[in-house]
Amino acid sequence: MLVTQQKVLRRFWYPVIPAERLADAPAPFTLLGTKLVLFRDAAGKASALIDRCCHRTAKLSQGWLDGGNIVCPYHGWTYAGDGRCTRIPQRPDGDPGKGIAVEAFRCRERHGVVWVALEEPLRDIPDLPEYDDPAYRRVFEFYEPWDAPGLLIMENSFDNAHFAFVHKASFGIVDEPEPVQPRLEPHPAGFIMYADVPVKNPDIQKANLGIASDRTIRQYEKTWWMPFSRKMKVTYPNGLVHIIMTLTAPIDDRRSQVIQFLLRSDSEAEAPAENLITFDRQVTHEDMAILAACDDDVPLSMNGELHMPTDRPGLEMRRMLAKLLAEHGEAEVRRDGPVSQPLASAAE
Ligand code: FES
Ligand SMILES: [Fe+2]
């Protein structure tokens, strides 16, 4: 599936930038191939406009902010957060008159993240009650582009069979490749997966978790936020809760922008954020190296790849995305063109 070719994917909220990174300068962002400029308007509200001035197409993201309006770097036409042109400096008094505007997109701030929807969203940004719960501290991990599409990142996140191989240097148990089978349940955001997985507990994790043994059990509760984000809640035998939020936005058909942060039930004194980030970075780098070398055009049908029982969460994602396309009258588009078979059967 090529995400830029599937129109219905424009109808979701995507996490484009951590809210605190959007301060007093405009930021460019490419979402599903659409070039945007993000900035805070006069009221401090996060705003997203097309990154293309309606005078001579200059990039507004190369401009600057003036009282919460964005100034085009080419001739100074100025736009408010809703896209309205507020000033044309070449005119008497700068008055732009009425009706001059650039395209503006829906833009919201939630869970410490700025979200953008290119068209009317089909569903709301999912709830994340732990974000505002004082029982959890927040640890920002990273904000960066990955050379992999969101579906590949999501399938990897819900794949119990890769730990013994991809994560053999971090938490995977090399000698025990037989994976734990996941249990899936419906969830308004997508689905939820449960699995209790034995893992290696290296020294850094012994300190991070306050668990002295060489092995431990991760009680996984992973929620897929359709289409390309996840909440991974891990509960350890000592009651510690480690939630990894991995929020991804599709840049184009291959790349994703990834925001990752933690919600932890312990304190900084018990486990310094720096050490949590060090371990999680090792794990994510292990995944990134594999994903960047996989085919990016993930098929939604069962054909074309072979499967095993632990692939079920990924196959469920494919099935639900195929159903979404079918419901909106779209064929899946792949590199060699639209899939001729309508996806109705996939919607069963
Ligand atoms: S191109 Fe933006 S003001 Fe001319
Ligand atoms: Fe992984």
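Reckoned from all heavy atoms, side chains included, excluding hydrogens, waters and symmetry mates. Read the numbers this way: they start at 1 and go in the same order the structure lists the ligands and their atoms. Numbering of residues begins at 1 and proceeds along the displayed sequence.
- Using bins of under 30°, 30° to 60° and over 60° for the plane-to-plane angle, the ring pair H55/H75 lands in the perpendicular bin.
- For D95 and R87, the salt-bridge test fails: no basic side-chain N is under 4.0 Å from an acidic carboxylate O.
- Its N, O or S atom nearest to atom 4 (Fe) of ligand 1 is what matters here, and for H55 that atom is ND1.
- The Fe ion (ligand 2) is the vertex of the angle joining NE2 of H162 and OD2 of D287, which measures 150° to the nearest 10°.
- Residue side and main chain included, E286 places no N/O/S atom under 2.8 Å of the Fe ion (ligand 2).
- In this structure, SG of C72 and SG of C53 enclose an angle of 110° at atom 2 (Fe) of ligand 1, rounded to 10°.
- Two residues are said to be in side-chain contact when any heavy atoms from C-beta on lie closer than 4.5 Å; V116 and Y14 fail this criterion.
- In this structure, F158 has its ring center no closer than 6.0 Å to that of Y220.
- Y79 and W64 are assigned to two separate hydrophobic clusters, defined by single-linkage of ILVMFWY side chains at heavy-atom distances under 4.5 Å.
- A cation-pi geometry, defined here as NZ or CZ lying under 6.0 Å from the six-membered ring centre and within 45° of its normal, does not hold between R106 and W13.
- Contact atoms of ligand 1 toward Y74: 1 (S), 4 (Fe) (distance under 4.0 Å to a heavy atom of the residue).
- Nearest non-hydrogen protein atom to atom 1 (S) of ligand 1 is R56 N, 3.2 Å.
- Shortest contact from atom 4 (Fe) of ligand 1 to any protein heavy atom: H75 ND1, 2.0 Å.
- Within ligand 1, counting atoms from 1 as listed, the ones closer than 4.0 Å to a heavy atom of A58 are 1 (S).
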